[in-house]
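Below is one structure, written out as C-alpha cells; the observations come after it.
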Amino acid sequence: RERISNFETLEISSLTVEEAKELFQSISKIKDDEVLDELLNFVGYLPLAVQLIAKTLVSNKSLTPKKLLDKVNRGEFSQIRLSRHESLLNLLNNTFDASSLDNKELSILQQFSILPSLEINYKQLEKIFNRINDEEFSFLLDELVQKGWLNYRDNVYLMHPIIQSFIKQFKTPTFENTQKIYSYFTKLLKNTNDISKIVQNFVYLPYIDTIVDFASKNLITIIDNKKSTLADFYENTAKLYKEYGNYKKALLLYKNVLKINEGIKTKENLVPIYNNLSEIYQIMGKFETAQVYNKKIVKLQKNIFDENDLV
C-alpha cells in the first residue's frame with residue numbers, strides 16, 4: 001500500500017464509534033448524526049478512511065454529507081472527486097496493488113465483493129462459495145488476510161467496503177465467476193411459501209439485496225446460456241419479497257424474470273410469472289394493471305391450447 005500525502009499516519013485498527021466521530025468532526029462538521037453514523041459504518045471506522053471522507057467534504061463544497069451518503073448507497077463511492085485532478089477512483093488505484101494476487105486469490109475477492117460487507121463465519125463461507133471441507137479454500141482466505149485484503153477475527157471474515165469498491169471498479173466480477181453464489185442462494189430460497197422457510201431466510205436478506213443489486217446492474221453483460229440460472233435466482237427472491245410484503249422489489253424482480261424468460265423459456269413458463277405479477281398488483285390495489293396481466297394469461301393459454309390442438 002502507498003502512503004497518502006496530506007493524511008496523518010494512524011494505526012490501521014478500527015476506532016470506536018465515539019473516536020471515529022471525534023476524528024471526523026475535527027475535520028468536517030456534520031449536524032445530522034444519522035448520516036454521520038451511516039458514513040462511518042460504511043468506512044468501517046478505519047482512521048485513514050474516516051479522514052478521507054471528512055477531507056473530501058471540506059475540499060468539495062458542492063458535496064453535502066447527504067449527497068455523499070447517496071453516492072455511497074448507489075455504489076458510486078469510487079467516482080467521488082477529491083480535487084480538480086484527483087478522484088477516489090485514482091486514489092484507490094494508487095493505494096491498492098492487485099499485481100501480487102494470483103488468479104485463485106482474485107476470484108475469491110471478486111466473489112466476496114458481491115456480498116454485503118458483513119462478518120461471515122468460516123462454515124457459512126464454505127457453503128456460500130461451495131468449498132466445504134476444501135483445504136485450499138482455507139489457505140486462500142488466510143493468504144488474503146495476511147496480504148490485507150480481508151479482515152479476520154474470531155473465525156469470521158469481512159471485506160472492507162472500500163476494498164469492495166476497488167475490486168468492483170478495477171477487477172470487476174463477472175456472473176460466470178460468481179455463479180456459485182447465485183446457485184447457493186437460489187437453492188436456499190426454494191419453497192418460500194413454507195412459513196418456517198420464510199422466517200429462516202429473513203437473516204439472508206442483506207446478502208440477497210446486495211447480490212440482486214449487482215446482478216441488476218450487470219444484467220446486460222450476462223451471456224444467454226447463463227441467464228436461466230439468474231432467472232431462477234430472481235424468481236425465488238421475488239417470491240421471498242412477496243411473502244415479506246415488499247411488493248415494489250418483488251415486482252422489479254418478476255419483471256426481470258419476465259425479461260429474461262421471454263427470450264429463453266417456453267410459453268408455459270410465462271404463465272406463473274404473469275400470475276404473480278397480477279396478484280401483486282391486486283394486493284397493491286392496482287386492479288387495471290392486474291387485469292392486463294390476467295388478459296395476457298388468457299391469451300397465452302389459448303395460444304398454448306391451439307398449438308397443442310394442432311399436434
Side-chain angles (χ1 to χ4, degrees), residues 1-2 12 44 46 49 75-79 87-153 155-188 204 206-208 210-233:
R1 310 285 172 81
E2 290 189 359
I12 292 176
L46 294 180
E76 298 173 1
F77 179 73
S78 62
Q79 298 172 25
S87 68
L88 280 171
L89 187 68
N90 306 125
L91 183 61
L92 290 176
N93 194 30
N94 292 330
T95 304
F96 298 104
D97 178 15
S99 62
S100 65
L101 297 169
D102 62 34
N103 289 337
K104 290 182 178 179
E105 290 172 328
L106 181 58
S107 179
I108 293 291
L109 291 177
Q110 288 171 321
Q111 291 174 70
F112 251 103
S113 74
I114 74 165
L115 296 171
S117 185
L118 299 172
E119 292 183 335
I120 310 174
N121 69 58
Y122 180 73
K123 290 296 181 185
Q124 192 62 50
L125 283 174
E126 282 187 313
K127 295 176 184 177
I128 294 173
F129 285 67
N130 194 25
R131 303 288 292 267
I132 294 174
N133 297 325
D134 186 335
E135 190 178 64
E136 185 185 39
F137 182 58
S138 176
F139 290 145
L140 281 168
L141 291 178
D142 184 61
E143 288 165 12
L144 289 169
V145 170
Q146 296 303 318
K147 291 180 178 181
W149 292 96
L150 296 177
N151 294 336
Y152 174 82
R153 67 180 177 86
N155 206 37
V156 296
Y157 294 84
L158 176 138
M159 174 180 275
H160 193 278
I162 293 178
I163 293 180
Q164 282 187 325
S165 294
F166 170 80
I167 294 294
K168 286 179 180 177
Q169 185 67 46
F170 293 100
K171 301 293 178 182
T172 308
T174 65
F175 184 75
E176 285 65 40
N177 66 10
T178 56
Q179 188 173 347
K180 288 180 180 179
I181 293 177
Y182 288 91
S183 297
Y184 170 75
F185 283 101
T186 298
K187 292 176 183 176
L188 189 74
Y204 294 106
Y207 299 88
I208 294 162
T210 307
I211 297 167
V212 164
D213 181 59
F214 175 79
S216 298
K217 290 177 180 176
N218 294 275
L219 181 58
I220 194 169
T221 66
I222 298 171
I223 58 179
D224 287 343
N225 65 354
K226 301 293 183 182
K227 285 185 177 177
S228 61
T229 301
L230 182 59
D232 290 340
F233 170 74

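The figures that follow rest on heavy atoms only: side chains count, while hydrogens, waters and symmetry mates do not. Treat the numbers as computed from the prediction; the structure is a model and nothing was measured.
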Verdict with reasoning, F233 to I211, per side chain to side chain contact (heavy atoms under 4.5 Å, CB included) | CA-CA 10 Å; F233 170 74; I211 297 167; 3.7 Å; yes
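- Rounded to the nearest 0.5 Å, atoms CZ (F214) and OG1 (T172) are 7.5 Å apart.
- When every heavy atom of A98 is checked against every heavy atom of W149, the shortest pair comes out as CA-CZ2, 4.0 Å.
- Proximity of a side-chain donor or acceptor of S117 to a complementary backbone N or O of M159 within less than 3.5 Å is detected.
- Between the side chain of K147 and the backbone N or O of S100 there is at least one donor-acceptor pair closer than 3.5 Å.
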Run the side chain to side chain contact (heavy atoms under 4.5 Å, CB included) check on L150 and L109 step by step: do they pass?
-> CA-CA 8 Å; L150 296 177; L109 291 177; 4.2 Å; yes
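- Here the straight-line distance linking atom CG of L125 with atom CD1 of I120 works out to 5.0 Å at 0.5 Å rounding.
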For Y182 and D232, what are the C-alpha separation, side-chain angles and deciding distance, and is it a side chain to side chain contact (heavy atoms under 4.5 Å, CB included)?
-> CA-CA 9 Å; Y182 288 91; D232 290 340; over 6 Å; no
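- Taking NZ from K171 and CG from L106, the interatomic distance works out to 6.0 Å, rounded to the nearest 0.5 Å.
- Annotation: the span from L140 atom CG to I108 atom CD1 amounts to 5.5 Å, rounded to 0.5 Å.
- Here N177 pairs with Q110, T174 under the side chain to side chain donor-acceptor pair (under 3.5 Å) rule; sequence neighbours left out.
- For S138, there are no side chain to side chain donor-acceptor pair (under 3.5 Å) partners, not counting sequence neighbours.
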Hey, mind stepping through Y122 and Y152 against side chain to side chain contact (heavy atoms under 4.5 Å, CB included) and telling me if it holds?
-> CA-CA 10 Å; Y122 180 73; Y152 174 82; over 6 Å; no
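- Formation of a donor-acceptor pair under 3.5 Å by the Q179 side chain with backbone atoms of F175 is not found in this model.
- For the ring pair (Phe, Tyr, Trp, His ring centres under 6.0 Å) test, no residue two or more places apart in sequence or in another chain qualifies with Y184.
- One N or O on the side chain of Q164 and one on the backbone of L115 form a donor-acceptor pair closer than 3.5 Å.
- Under the ring pair (Phe, Tyr, Trp, His ring centres under 6.0 Å) criterion, F139 pairs with no residue at all, not counting sequence neighbours.
- Considering only residues two or more places apart in sequence or on other chains, F112 meets the ring pair (Phe, Tyr, Trp, His ring centres under 6.0 Å) condition with F129.
- Atom CD1 in I181 sits 15.5 Å away from atom NZ in K127 (nearest 0.5 Å).
- Between P116 and P206, the closest heavy-atom pair is CG-O, 3.8 Å.
- Contacts of D102 classified as side chain to side chain contact (heavy atoms under 4.5 Å, CB included), with partners at least two apart in sequence or in another chain: K104, E105.
- Residue N155 qualifies as enclosed at atom CG: its count of foreign heavy atoms under 6.0 Å is above 12.
- Of the inter-residue distances, the one linking I114 atom CD1 with K168 atom NZ reads 8.0 Å to the nearest 0.5 angstrom.
- F185 and Y204 have perpendicular rings, their planes meeting at more than 60° on a 0 to 90° scale where under 30° would count as parallel.
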